[in-house]
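Heads up: the structure comes next, in structure tokens.
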Amino acid sequence: MTTSAIGNDFRTWNAAFAQECNAPWYPSEDLFPTTDDYRPNCTWIGTDDRFPHSISMKLTDFSFPGSNTPRAVAIADEIKSNRDYLCNAPGRMMFWKKGDANGEDHDECIPIYPPIKRYDNGTAIDPKQILQGHVFGKNCDPSHIGTPWFNYPHLKDPFAPQGGLIPPLRGVPAKRAQPTLRAAVDPAIARRWGGERSETAIERRRILLERRDLCVENLVISPHPGHSARSVCESDTSYGPDFVSLHDGMYCDMCERSLHPVCRPSIREGCFDLVKKELRLGLSGLQGRKLQDMPPPKTYKSVARWETKSGK
């Protein structure tokens, strides 16, 4: 999402900002404009509690990478110094769980900032304005304010004294996935997307399939150097299809949050076969593990193999 201001000072928002605030994310193959190899991750919007329903933002507070205008540098420094200036600033960026009681969205009830006074170098004179200075449109009916969605563990009540209308945020705590090669019963995995604890990996797979979870029958293979299967697998907030990074030579089963190397001459067991698109366990992979605790084999109905562009 991009716009331009006076003097071609481009403003842009991308999902890297959402990921910074623990919103659900997944790698993307889309190349950022004017860059050679920057591919910001994507974020998810949905209709259930796993994802935000919508996002509001003050687009002029987000700049192109490398922008060196005083305001762009000052805001970037603000965010780097304190993540609250991004994730705890309702007038700058806010994720919404749903609209009003009728599920409707109302533009006049998006939190906004009156002009924030800044020094000549772009630094806010009173940084508390970023956190507390939001207001609403004069035509906003308090009953039309949506319910905020958040997964940022330190998010506070969004400072009602000035805004006066956003109710206290009482969102769900961060859901922590346990990156592990163990496919035995793991309550953290079973609970991750709202499912009940299951007795076996097969039962977990059935639950995920009923919920149409993307990890069950979908696979993405990426050649891009900026993508890491390990980082996707070990993240508490990533969501999406199973993922292979050719760059780091690893495969992530996103249903089980298990990480395995891609098969090669030196690794023939406990690895992911890129030709057959299946996990190759071998006899050594069965040692000490019950058959019912093994993840059932996957048959991918969709395999997306991302391609490099311009040699990148």
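All values below come from the heavy atoms of this structure, side chains included, with hydrogens, waters and symmetry mates left out. Position 1 is the first residue of the sequence; numbering continues from there. Remember, it's a predicted structure, so these values are computed and weren't measured experimentally.
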*Using a strict cut-off of less than 4.0 Å between a Lys/Arg side-chain nitrogen and an Asp/Glu carboxylate oxygen, indicate whether Arg205 and Glu217 qualify as a salt bridge.*
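Salt bridge absent between Arg205 and Glu217.
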
_Check ion pair Lys80-Glu20 (N to O, under 4.0 angstrom)_ =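 Looking at Lys80 and Glu20, the cut-off is not met.
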
*Looking at Asn41, Thr43, Thr237, which hits side chain to side chain donor-acceptor pair (under 3.5 Å) with Trp25?*
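Testing each of Asn41, Thr43, Thr237 against Trp25, the sole residue satisfying side chain to side chain donor-acceptor pair (under 3.5 Å) is Thr237.
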
When rounded to the nearest 0.5 angstrom, what distance separates [atom1] in [X] from [atom2] in [Y]?
X      : Y      : atom1 : atom2 : result
Met254 : Ser235 : CE    : OG    : 8.0 Å
Leu219 : Leu274 : CG    : CG    : 8.5 Å
Ile55  : Ile110 : CD1   : CD1   : 11.5 Å
Asp273 : Arg280 : CG    : CZ    : 4.5 Å

Donor on one side chain, acceptor on other, [X] and [Y], under 3.5 Å:
X      : Y      : value
Tyr251 : Asp242 : yes
Ser238 : Arg257 : yes
Asp248 : Ser228 : yes

_Taking side-chain hydrogen bond (donor to acceptor under 3.5 Å, both in side chains) as the definition, give me every residue that meets it alongside Ser56, ordered by chain and number, with sequence neighbours left out._
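So Ser56 forms a side-chain hydrogen bond (donor to acceptor under 3.5 Å, both in side chains) with Trp96.
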
*With sequence neighbours excluded, tell me which residues meet ring-ring contact (aromatic ring centres under 6.0 Å, His included) with Trp306.*
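Here the qualifying residues are His227.
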
_Using modelled atom types and a 3.5 Å cut-off, is there a donor and acceptor pairing between side-chain atoms of Tyr26 and backbone atoms of Pro241?_
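Pair found, side chain donor or acceptor close to backbone of Pro241.
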
